[in-house]
Amino acid sequence: MIKSTIKAVIIAAAILLAGAAMGQTDKRVKHARPPKQTIKLGAEIKQRDSLSRKHRRGLQQHLIIPKGEWQVGAQVSHVSFSSNDSEYLLIVQNLDANGSITKVAPFVAYSYHDNRSIGVKLQYSAANGSIREGDLDFLSDDLQFNVEDINANMSSFQTSVYHRSYIGLDDRGRIGLFNDVSLSYTNSKTVFTYDAETADTYTRSNQLKLSLHPGIVVFAMNNVSTHVSMGIGGISYNNTKYIKAGEVIGTRNYSHAKFKLNVLDINIGLTIHL
């Protein structure tokens, strides 16, 4: 009798333990996360706002930069110009001048949302220009001047934080438009010389600027893209100090707002998408 009772207790305990184990297994299976879906570049991004869907004019928003992506790259810009024996507006004659502007800007960005990213960019710029000879004629014998050996050199360092919004144009996620809204700080030095007295004179400038840079991006490979952007102006605050022989001889503070295409602010960039 005792043996039968012990066997019944053991069998009941085994049944209870097996049921509990099966229940825990069912819970684990029930709460298991579904597998992560593969990102499909070029897929249409659904408009969550009913008002946005109502007023959409046929331009479909395609995915080109997925959420969670890191972007590393650099922008390069170089513009040069020259003039030899040229005339402008009958005022400047026999002008012999040349100059160039070079910019190099590495950057890193993170996509916090589909087709939206925020990044940091560092930029070094160098510009130089010279006028070997030129005649200024203001249509009067008393207002005729000859200038020669004028040189100007500028170097600057810029740090900026920017927000970039993309618009995918095709269903393969290869081509898109974007716009950068950038907040930047620039420190620059400009040396302008035309005789021996100006050899030790220069200006030091500090600028805080909010600017816009629209552009186009094209994916040459799955993880490599190229882009071209152009500045269209912005709002800036400037502080300039005039320094001669190590002493400040003048200062100027001013604000500036200007919006138009700037052909001297064209940038070509290469980006690696991680």
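Atom NE2 of His273 is separated from atom CG of Asn222 by 10.5 Å, given to the nearest 0.5 angstrom. To the nearest 0.5 Å, atoms CG (Leu208) and CD1 (Ile235) are separated by 11.0 Å. For the atom pair Glu69 CD and Tyr110 OH, the distance stands at 10.0 Å (nearest 0.5 Å). Expressed to the nearest 0.5 Å, how far CD of Gln71 lies from CG of Asn223 amounts to 11.5 Å. Here the OH atom belonging to Tyr185 is positioned 13.5 Å from the OG atom belonging to Ser160, to the nearest 0.5 angstrom. Taking CG of Asp114 as the reference point, atom CD1 of Ile64 lies at 12.0 Å (rounded to 0.5 Å).
Looking only at side-chain heavy atoms (C-beta outward), Thr190 and Ser205 stay at 4.5 Å or farther from each other. No side-chain heavy atom of Gln123 sits less than 4.5 Å from a side-chain heavy atom of Thr186. Between Tyr242 and Thr201, every side-chain heavy-atom pair lies at or beyond the 4.5 Å cut-off. Considering only heavy atoms from C-beta on, Ile268 stays 4.5 Å or farther from Val76 through its side chain.
Minimum heavy-atom separation, Ala152 to Phe192: CB-CD1, 3.8 Å. Closest non-hydrogen pair, Pro66 versus Ser111, comes out as O-OG, 3.0 Å. In plain terms, the two heavy atoms of Phe219 and Gly173 that are nearest each other are CD1-O, 3.8 Å.
Both Met230 and Val181 are assigned to one and the same hydrophobic cluster, defined by single-linkage of ILVMFWY side chains at heavy-atom distances under 4.5 Å. A single hydrophobic cluster is not seen to contain both Ile175 and Val224; linkage of ILVMFWY side chains at heavy-atom distances under 4.5 Å, directly or through other members, places them apart. When the side chains of ILVMFWY residues are joined at heavy-atom separations under 4.5 Å, either directly or via intervening members, Val217 and Leu270 end up in two distinct hydrophobic clusters. Note: the hydrophobic cluster containing Phe107 does not contain Leu210 (ILVMFWY, side chain heavy atoms under 4.5 Å, direct or indirect links). Under the 4.5 Å side-chain contact rule for hydrophobic residues, Leu212 and Ile266 share a cluster.
The ring of His213 has its center no closer than 6.0 angstrom to the ring center of Tyr162.
For Leu122, the CG atom is densely surrounded, since the number of other residues' heavy atoms within 6.0 Å is greater than 12.
Side-chain contact, Asn153 with Asn128: no donor N or O sits under 3.5 Å from an acceptor N or O.
The backbone N or O of His62 lies less than 3.5 Å from a partner atom in the side chain of Asn115, making a donor-acceptor pair.
Pro214 pairs with exactly one of Val228, Leu261, Ile232, Leu177 by the side chain to side chain contact (heavy atoms under 4.5 Å, CB included) rule, that one being Ile232. Between Asn187 and the choices Arg204, Gln158, Gln207, the side-chain hydrogen bond (donor to acceptor under 3.5 Å, both in side chains) rule is met once, by Arg204.
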Gln75/Ser77 under side chain to side chain donor-acceptor pair (under 3.5 Å): CA gap, chis, key distance, verdict | CA-CA 7 Å; Gln75 290 181 340; Ser77 173; over 6 Å; no
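A cation-pi arrangement is present between Arg252 and Tyr254 under the rule of less than 6.0 angstrom and at most 45 degrees off the ring axis.
Checked for salt-bridge contact, Arg164 and Asp180 meet the test: a charged N lies under 4.0 Å from a carboxylate O.
Between His163 and Tyr112, the angle of the ring planes lies from 30° to 60°, which puts this pair in the tilted group.
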